[in-house]
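Presented below is the structure to which this report refers.
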Amino acid sequence: AALTSGAAYAQDYPTKPVTFVVPFAAGGPTDKVARDLADTMRKALGGQIIIENVAGAGGTLGATKVAKAAPDGYTILLAHVAMATSPALYRNLQYKTLEDFEYIGLINEVPMTLIGRPTLPANNYAELLKWLNDNKGKINLANAGLGSASHLCGLLFMSTLKIDMTTVPYKGTGPAMTDLIGGQVDLMCDQTTNTTTQIEGGKVKAYAVTTAKRLATPALKHLPTLDESGLKGFNVTIWHGLYAPKGTPKPVLDKLNAALKTALKDPEFLKRQESLGAVVVTDNRVNPADHKKFVEAEINKWGPVIKAAGQYAD
Ligand code: MLT
């Protein structure tokens with residue numbers, strides 16, 4: 001602790017590359033947010049930021065690695081809503097979400113889209129609904145593991161529709177997207193940061209967005225919401241934040257938070273995020289205390305939903 005407590009330590013930080021741990025496979029939406037943010041943030045931070053993908057168990061393996069890492073500012077977690085769902089889903093979770101991390105700030109909120117394989121014989125939500133009812137028991141829904149955003153959205157979709165589907169878990173929706181495009185699975189609920197280019201390129205069928213209101217993004221604005229398509233109240237948006245191990249020195253956290261805030265105001269970053277349907281956080285949740293309060297509220301929101309679905313992992 002002496003090593004990292006001195007003011008001189010924080011003064012010089014960072015003196016070597018900072019690792020952003022991404023708890024899903026490369027190529028997925030979490031990875032895309034991390035690489036874009038790292039590219040934008042490294043100038044303001046004054047040092048290299050490298051990405052390390054630590055996939056598995058719905059993002060909890062990566063979060064565990066950071067919770068147990070040295071609190072020296074060189075191992076940072078970039079994670080999403082799984083931080084709020086894993087406490088209810090994983091009964092042997094190796095960390096306490098609100099106690100074992102320092103909160104650095106919230107990054108963005110990303111809508112989701114319901115997409116299908118290009119060969120799926122349904123070209124809009126009404127035709128999809130008919131296909132789902134005609135193919136009960138034969139539908140494969142891809143996700144990124146228990147607790148992933150794609151799992152959560154799929155869970156809500158199945159339980160609202162009352163149609164059970166076989167879920168096929170991947171290390172991330174990057175690899176899952178490859179199989180969906182290849183026709184190995186039928187459907188997936190995935191973040192627009194991963195689906196917008198595929199939808200624009202006609203690589204997948206797009207049926208709806210999961211937000212309360214339609215999106216303004218040119219490639220997505222034609223898609224109806226699930227709410228207007230009949231799933232009243234359906235509203236899922238995936239948020240991403242930055243976390244450090246508990247005990248990371250405050251001056252180091254302040255440097256990380258300041259660099260994050262600078263990055264979130266970068267015009268190019270904002271343009272890239274907007275083109276993929278993502279909304280960069282501009283409110284007080286970019287501050288650690290409000291970031292933490294928000295996650296606590298999300299834990300309390302998702303807990304009952306998950307318990308009602310009766311899903312958990314040991
Ligand atoms: C998720 O479904 O949680 C994410 O899309 C996984 C990923 O980022 O690959």
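In each ligand, atom 1 is the first atom listed, and ligand 1 is the first ligand listed. Everything quoted here is computed from the prediction, not taken from an experiment.
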Show me, by chain and number, every protein residue that has a heavy-atom distance under 4.0 Å to ligand 1.
Phe24, Gly28, Pro29, Thr30, His80, Ala144, Ser148, Ala149, Ser150, Gly172, Thr173, Asp190, Gln191
Describe, in one word, how the ring planes of His291 and Tyr243 are oriented to each other, choosing from parallel (under 30°), tilted (30 to 60°) and perpendicular (over 60°).
tilted
Are Asn124 and Tyr207 close enough that a side-chain donor and a side-chain acceptor fall under 3.5 Å?
no
Thr113 versus Thr195, side-chain donor and acceptor atoms under 3.5 Å:
yes
Sequence-distant partners of Ala34, side chain to side chain contact (heavy atoms under 4.5 Å, CB included), two or more places apart:
Val22, Ile51, Leu78
If we count only N and O atoms by modelled type, under 3.5 Å, do the side chains of Glu127 and Trp131 hold a donor and an acceptor together?
no
Go through the side-chain N and O atoms of Asp190 and Thr173 and say whether any donor and acceptor fall under 3.5 Å apart.
yes
